[in-house]
Amino acid sequence: MALIVQKYGGSSVADAQKVMNVAKRIVREKDKGNDVVTVVSAQGDTTDHLIEMAKEINSHPSKREMDMLLSTGEQISISLLAMAVERLGYPVISLTGPQVGIKTSSVHSNARIISIDITRIKKELQKGKIIIVAGFQGVDENNDITTLGRGGSDTTAVALAAALKADFCEIYTDVDGVYTADPRLVPQASKLKYISYDEMLEMASLGARILHNRSVELAKKYRVPLVVKSSFGDNDGTYVKEVEKVEDKMVVTGVAHDTNVARIAVLGIKDKPGMAYKLFDLLAKNNIDVDVIIQSIGREEDKDISFTVSSSNLEKALELIKENLDYLEARGVKYRDNVAKVSIVGAGMVNNPGVAALMFEALAEANINIGMITTSEIKVSCLINEEDVEKAVKAIHDKFQLHKIHQ
Ligand code: ASP
Ligand code: MG
């Protein structure tokens, strides 16, 4: 008998019929003699609607109250799904994040899981019950409800799988796996049979919205065997596994893109030690994640530092920098929001020096200007104009012939 953690995304439980469909999948697993813990997201666009509702009342609501509101979406879906399982005649119980003992940090709207107390789940499993857990939520040390960031139900599922030492964590969604590029942009994209944790982590962090990046981080850390599958059919999905086991490493595994990016340039910073520290420490203390960073060579007495943040953090970052120009000893700040990041990811890149050049060639042939570049052992990212994204992803996908991937 195995212990399986499953996660169903919002589109998989969007209406009553889909909820029944998911319930049938859950009991099928139970019928095989397995224990099942199912994590579920809010139905369909519920979370977006809740955000709109909040904005009608207050354009800058506090994050604590937002978490209170947004966590209700998952509470609806767990109760409905539990009722659907009941209707099929199986013992079941739904539990919220706090009831499961998912303790998190206090960073509302982007909390991190600190610990999970599995006593309650174990007790219910011993009674033979199917467990349905609300994704995306937890509780902090003050007993306040927190949420884990958009898409955070994946992280709930992987964290539970790790805590329960589950045999498998299955992520059910509306696509049937991980592709070499977003199939909506590149219809010829190929589905991957497997991808390494590191590659998946890069893909997720670089904008492939298929898995919450922290869920992959956790899966890697605790070696949780993960599979991404469609909740609508019975196709094989994509396995996320250890890199050593990935046979015949491909040079490039996929192209990711992210339009939720903005570029900030802090101008005329004094060219002396400690300045970058001051700037990025200020941003970090305000929970603003920074991605690509470029510093110009010092000229005369000063230099410029450019970096990217997510579009959603742009306003906050600009405000903060403007308020602190004197402290930062900088002359001014400029920004652009209509930028995007395209990236290639692949564990086989390390030993292939020509890979970055090939990517730049693809962009050059498509007449796309590159604003910033960053590289790591397994990725190369370029900042480009947002309007060029589709063209860029297609050109790069073509250049590396990713439609021909065979695993
Ligand atoms: N319901 C949340 C969201 O829409 C969490 C999730 O779906 O994973 O972001
Ligand atoms: Mg998701």
Side-chain angles (χ1 to χ4, degrees), residues 5-15 18-19 22 37-55 61 63-82 94-98 100 102 104-105 107-113 116 132-139 145-162 169-175 178 200-201 203-205 207-219 224 226-232 240 258-260 289 310-313:
V5 174
Q6 302 185 324
K7 180 257 170 180
Y8 293 91
S11 51
S12 306
V13 290
D15 56 35
K18 289 181 176 149
V19 171
V22 167
V37 176
T38 298
V39 175
V40 61
S41 296
Q43 291 184 287
D45 298 330
T46 304
T47 310
D48 292 327
H49 289 312
L50 291 170
I51 293 173
E52 280 160 27
M53 276 169 73
K55 296 266 143 100
K63 292 194 165 170
R64 181 192 182 278
E65 298 311 327
M66 277 310 277
D67 280 357
M68 197 63 121
L69 177 67
L70 297 192
S71 61
T72 62
E74 272 69 13
Q75 203 166 326
I76 294 172
S77 50
I78 54 167
S79 50
L80 292 178
L81 183 54
S94 69
L95 297 168
T96 63
V100 174
I102 300 184
T104 73
S105 66
V107 181
H108 285 288
S109 86
N110 198 20
R112 278 175 180 266
I113 296 177
I116 300 182
I132 317 271
V133 179
F136 175 58
Q137 56 180 259
V139 66
I145 292 184
T146 54
T147 65
L148 309 178
R150 297 303 306 268
S153 298
D154 297 339
T155 298
T156 306
V158 175
L160 273 174
C169 183
E170 304 172 336
I171 308 280
Y172 286 96
T173 175
D174 51 0
V175 291
V178 182
M200 191 63 234
L201 187 56
M203 291 286 276
S205 313
R209 269 174 298 275
I210 197 141
L211 282 176
H212 195 227
N213 59 353
R214 292 220 309 278
S215 72
V216 190
E217 231 169 75
L218 282 181
V224 177
L226 205 60
V227 61
V228 179
K229 289 184 177 189
S230 163
S231 61
F232 300 116
V240 186
D258 190 358
T259 50
N260 179 27
D289 276 340
S310 67
S311 297
S312 41
N313 273 333

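When a ligand or atom number is given, it counts from 1 through the structure's own listing order. We count residues from 1, following the sequence as given. Since this is a predicted model, take the numbers as computed values, not measurements.
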Practice task
Please tell me if the side chains of Gln43 and Val19 come closer than 4.5 Å, counting only heavy atoms from C-beta onward.
Solution key: yes
Exercise for the section: Report yes if Asp154 has an N/O atom closer than 3.5 Å to an N/O atom of ligand 1; otherwise report no. Expected result: no
Handout entry: Short N or O distance, Gly151 and ligand 1, threshold 3.5 Å exclusive
Key = yes
Exercise for the section: Could you list the atoms of ligand 1 found under 4.0 angstrom from a heavy atom of Arg150? Expected result: 3 (C), 4 (O), 9 (O)
Practice task
May I ask whether Gly152 has any heavy atom positioned less than 4.0 angstrom from an atom of ligand 1?
Solution key: yes
Practice task
Return yes if a side-chain donor-acceptor contact under 3.5 Å exists between Thr147 and Asp67, otherwise no.
Solution key: yes
Problem - Polar side-chain atom of Glu74 near backbone of Ala42 as donor-acceptor pair, under 3.5 Å - result: yes
Practice task
Please answer whether the main-chain N or O of Ile132 pairs with a side-chain N or O of Ser94 as donor and acceptor at a distance below 3.5 Å.
Solution key: no
Handout entry: ligand 1-proximal atoms of Glu74, by part, heavy-atom distance under 4.0 Å
Key = side chain
Practice task
Answer yes or no: is there an ion pair linking Arg150 with Asp48, defined by an N-O contact shorter than 4.0 Å?
Solution key: yes
